[in-house]
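One structure is given here, and the rest of the page talks about it.
As a basis for the values below, the full set of heavy atoms in this structure was taken, side chains included, without hydrogen atoms, waters or symmetry mates. Atoms within a ligand are numbered from 1 in the order they appear, just like the ligands themselves. Keep in mind that what you see is a predicted model, and the values were worked out from it rather than measured.
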Amino acid sequence: MPDADGNKDASNYGLGIPVKKKSFFMKGLEYADWGIKERMARIFDKRSGNAVMLAFDHGYIMGPTSGLERIDLNVVPLLKYADCIMCTRGVLRSCIPPDCGKPVALRFSAGGTILGSLNYECVMDIEEAVRLDVSAMAVMVAIGSENEALTIRNLTKTADMGNRYGIPTFGVTAVGKNLARDARYLGLATRVCAENGATFVKTYYCEGFEKVVAGCPVPIVIAGGKKLPERDALELAYKAINDGANGVDMGRNIFQAEDPAAMIQAVRAVVHKGYSPDRAFELYNDIKSK
Ligand code: R5P
């Protein structure tokens, strides 16, 4: 007999045991493969549905930028507060303890730097992602840039490889001097990432962000962008979560904060517990003063 939702064979293959409707806690992933879901569940908290990803891959285009001069001193003490870490294979192998127990979103595309051909990238071999047991492969996609097609091809190729091995593809929408940051542009960029196989997408917060989320069939996390005063960065995270983001992939607003450990804990309170910006800023100051 069909059940109330019209599902066939609800009596469970004639055994009389009720069938539980299958579902996955993250948007757009109900029909994904087991390995993809298992890795997404490493990154995202099942209770809040959200994640605090700590991004420190900036060196691959910027070199030893402020707050990332010494990964061992600046970043390693923060690892325990992150749900997931995002970095390059070079930093992972040279600085991150393999027993830190954190899922890795590996920076999977690489190419030019801020001094040269930014956005002109290629992707790595899938064997490297398997060898490093990563939970996601992050690929930059520069919609509207002269390298647009190349970066979409990188994403597509990564999704092909990722699907073969059950590893999620993380589409990262690029920004550049000539790329807009409004809902129209980011809505297009995130949707293009999803359509071309991204399991989840990173983008920037903007006015009308709820429209960006609504138009993207897979989860979105936001980057923090340039360093803001701490309370403003907490407000940015709060608004993004409120407008439907599934978390943050934050770098500079954490590791360049006056107290990075206090900042990441305050961001956690917003992302997982829904703290208001004022309450989270109070928490930041409390931790900082101890
Ligand atoms: C940018 O290409 C990198 O992927 C960064 O990881 C990303 O921008 C997040 O860092 P931030 O919060 O500093 O913008």
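Atoms OG1 and CD1, from T190 and I220 in turn, are 4.5 Å apart once rounded to the nearest 0.5 Å.
Taking the charged nitrogens against the carboxylate oxygens, K288 and D259 have no contact shorter than 4.0 Å, which rules out a salt bridge. Using a 4.0 Å cut-off between charged nitrogen and carboxylate oxygen, R47 and D45 count as a salt-bridge pair. A salt bridge between R279 and E282 is absent, with no side-chain N of the basic residue lying under 4.0 Å from a carboxylate O of the acidic one.
For atom 9 (C) of ligand 1, the closest non-hydrogen atom of the protein is K202 NZ, 3.3 Å. Ranking protein heavy atoms by distance to atom 10 (O) of ligand 1, first place goes to H58 NE2, 3.0 Å. From the protein, the heavy atom lying nearest to atom 6 (O) of ligand 1 is D57 OD1, 2.4 Å. Nearest protein neighbour of atom 1 (C) of ligand 1, counting heavy atoms only, is R107 NH2, 4.0 Å.
The hydrophobic clustering, which links ILVMFWY residues whose side-chain heavy atoms are closer than 4.5 Å, places Y120 and V139 apart.
When each atom of ligand 1 is checked for a heavy atom of M250 under 4.0 Å away, the hits are 12 (O). Those atoms of ligand 1 that come under 4.0 Å of a heavy atom in R252, given as number and element, are 11 (P), 12 (O), 13 (O), 14 (O). With ligand atoms numbered from 1 in the order given, ligand 1 contributes 9 (C), 12 (O) to contacts under 4.0 Å with heavy atoms of D249.
Ligand 1 has an N or O atom lying under 3.5 Å from an N or O atom of G225, backbone or side chain. Backbone and side-chain nitrogen or oxygen atoms of G251 are examined, and one is located within less than 3.5 angstrom of a nitrogen or oxygen of ligand 1.
The shortest distance between side-chain heavy atoms of L118 and N147 does not fall below 4.5 Å.
Closest non-hydrogen pair, P168 versus T199, comes out as CA-OG1, 3.3 Å.
With a heavy-atom cut-off of 4.0 Å, M86 touches ligand 1 through its side chain alone. Contacts between N253 and ligand 1 below 4.0 angstrom, taking non-hydrogen atoms only, are absent altogether.
Under a 4.0 angstrom heavy-atom cut-off, Y204 registers as being in contact with ligand 1.
Between the side chain of E230 and the backbone N or O of E258 there is at least one donor-acceptor pair closer than 3.5 Å.
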